[in-house]
2 protein chains.
Amino acid sequence: MPSRQVVAKELAEIFGILAHADRIRMVEELRLGEKDVSSLANVLGLETPRVSQHLRLLRMHNIVVERREGRRHFYHLTNPDMAAWVLQGLTFIEQRMAGVTKSNIKAARRLWSEE
Amino acid sequence: MPSRQVVAKELAEIFGILAHADRIRMVEELRLGEKDVSSLANVLGLETPRVSQHLRLLRMHNIVVERREGRRHFYHLTNPDMAAWVLQGLTFIEQRMAGVTKSNIKAARRLWSEE
DNA sequence: TTATCACATTCACATTTCTGGAGATTCTAG
DNA sequence: CTAGAATCTCCAGAAATGTGAATGTGATAA
């Protein structure tokens, strides 16, 4: 198969994994460093099983890395730059403006850019 | 709904639309300017109905813009920067290396970076 | 050691969404 | 009207989602 097709397929897979609001928020929550499952669940307002399943997917695709400490499982981004890259995608929703106010975008950009 | 959730949902939608190898290749094919449906179909080795379907999706989400000239429909990227952004995603598959050789990635990067 | 709690993962299942192919339909130029 | 170009419709098979229940593990106490 031509390299373009192979690579496009891989890219599509990455996009597919990030094609979920919960997982996007997880990537952004992990932008500054590791968090354990229950903190994530708490911050995102989700049940632990769901968070765990999302993490499994992210882990299987090497987007996050797990570190165990006692009974807690900490996760961090394999490549912290990914959070910024995802955030850059906001550039392309500003123009569609479909039900998304600019203020919402600004707010999110601000929140996910804080150190 | 908190702005972060709203924005994450929108971002997820963009990612979802790009989560298809054909559509990624289309975005890259359009990086330098407009093309009509049959040229796209030809370049990508797909049937026109399928290309048209993909374009419909991209159009509905303002990722591409249509321009008609006679019986031909030309499409171009709403924001040409998107092609570069998508290409940047390659950064994150280089580390996974799951069945994708580095040479494939380099080749694709080269091809989709040509002017 | 055993019992128990806390944290996390996995399983099973109903539901939803995505996909891709074939054919019908619309639209336009000549 | 005719032919070519592109789009739309329909549907069965595949994949992703979400929820609750069940199962693992590590720490802690008796």
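The basis for the numbers below is simple: all heavy atoms, side chains too, and nothing from hydrogens, waters or symmetry mates. The chains referred to below are lettered A, B, ... by the order of the sequence lines, with proteins before strands, and numbering in each begins at 1.
At the heavy-atom level, B:R23 lies under 4.0 Å from the strands shown only through sugar-phosphate atoms.
The side chain to side chain donor-acceptor pair (under 3.5 Å) search around A:T48 returns none, not counting sequence neighbours. The salt bridge (Lys or Arg N to Asp or Glu O under 4.0 Å) test applied to B:R68 returns B:E66, not counting sequence neighbours. Every residue two or more places apart in sequence or in another chain was checked for a salt bridge (Lys or Arg N to Asp or Glu O under 4.0 Å) with A:E47, and none qualifies. Scanning for side chain to side chain donor-acceptor pair (under 3.5 Å) contacts around B:R59 gives B:Y75, with sequence neighbours left out. Shown here are the salt bridge (Lys or Arg N to Asp or Glu O under 4.0 Å) partners of B:R71, two or more places apart in sequence or in another chain: there are none.
Residue pairs satisfying the ring pair (Phe, Tyr, Trp, His ring centres under 6.0 Å) criterion with at least one member in residues 26-50 of chain A, sequence neighbours excluded, are absent.
In this structure, B:R4 contributes its side chain and A:R25 its backbone to no donor-acceptor pair below 3.5 Å.
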Could you pull out the protein-nucleic contacts involving nucleotides 8-14 of chain C (nitrogen or oxygen on both sides, under 3.5 Å)?
| residue | atom | partner | partner atom | Å |
| --- | --- | --- | --- | --- |
| C:dA8 | OP1 | A:D36 | OD2 | 3.3 |
| C:dA8 | OP1 | A:V37 | N | 3.4 |
| C:dA8 | OP1 | A:H73 | N | 3.4 |
| C:dA8 | OP2 | A:S38 | N | 2.9 |
| C:dA8 | OP2 | A:S38 | OG | 2.2 |
| C:dA8 | O3' | A:H73 | ND1 | 3.0 |
| C:dT9 | OP1 | A:H73 | ND1 | 3.2 |
| C:dT9 | OP1 | A:Y75 | OH | 2.5 |
| C:dT9 | OP2 | A:S52 | OG | 2.7 |
| C:dT9 | O5' | A:S52 | OG | 3.0 |
| C:dC11 | N4 | A:Q53 | NE2 | 2.8 |

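Of all nucleotides in DNA chain D having an atom under 4.0 Å from a heavy atom of chain B, the first and last in 5' to 3' order are D:dG4 to D:dT9.
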Side-chain donor-acceptor pairs of residues 49-58 of chain A under 3.5 Å, sequence neighbours excluded:
| residue | atom | partner | partner atom | Å |
| --- | --- | --- | --- | --- |
| A:R50 | NH1 | A:D22 | OD2 | 3.4 |
| A:H54 | ND1 | A:R23 | NH1 | 3.1 |
| A:H54 | NE2 | A:D22 | OD2 | 3.3 |

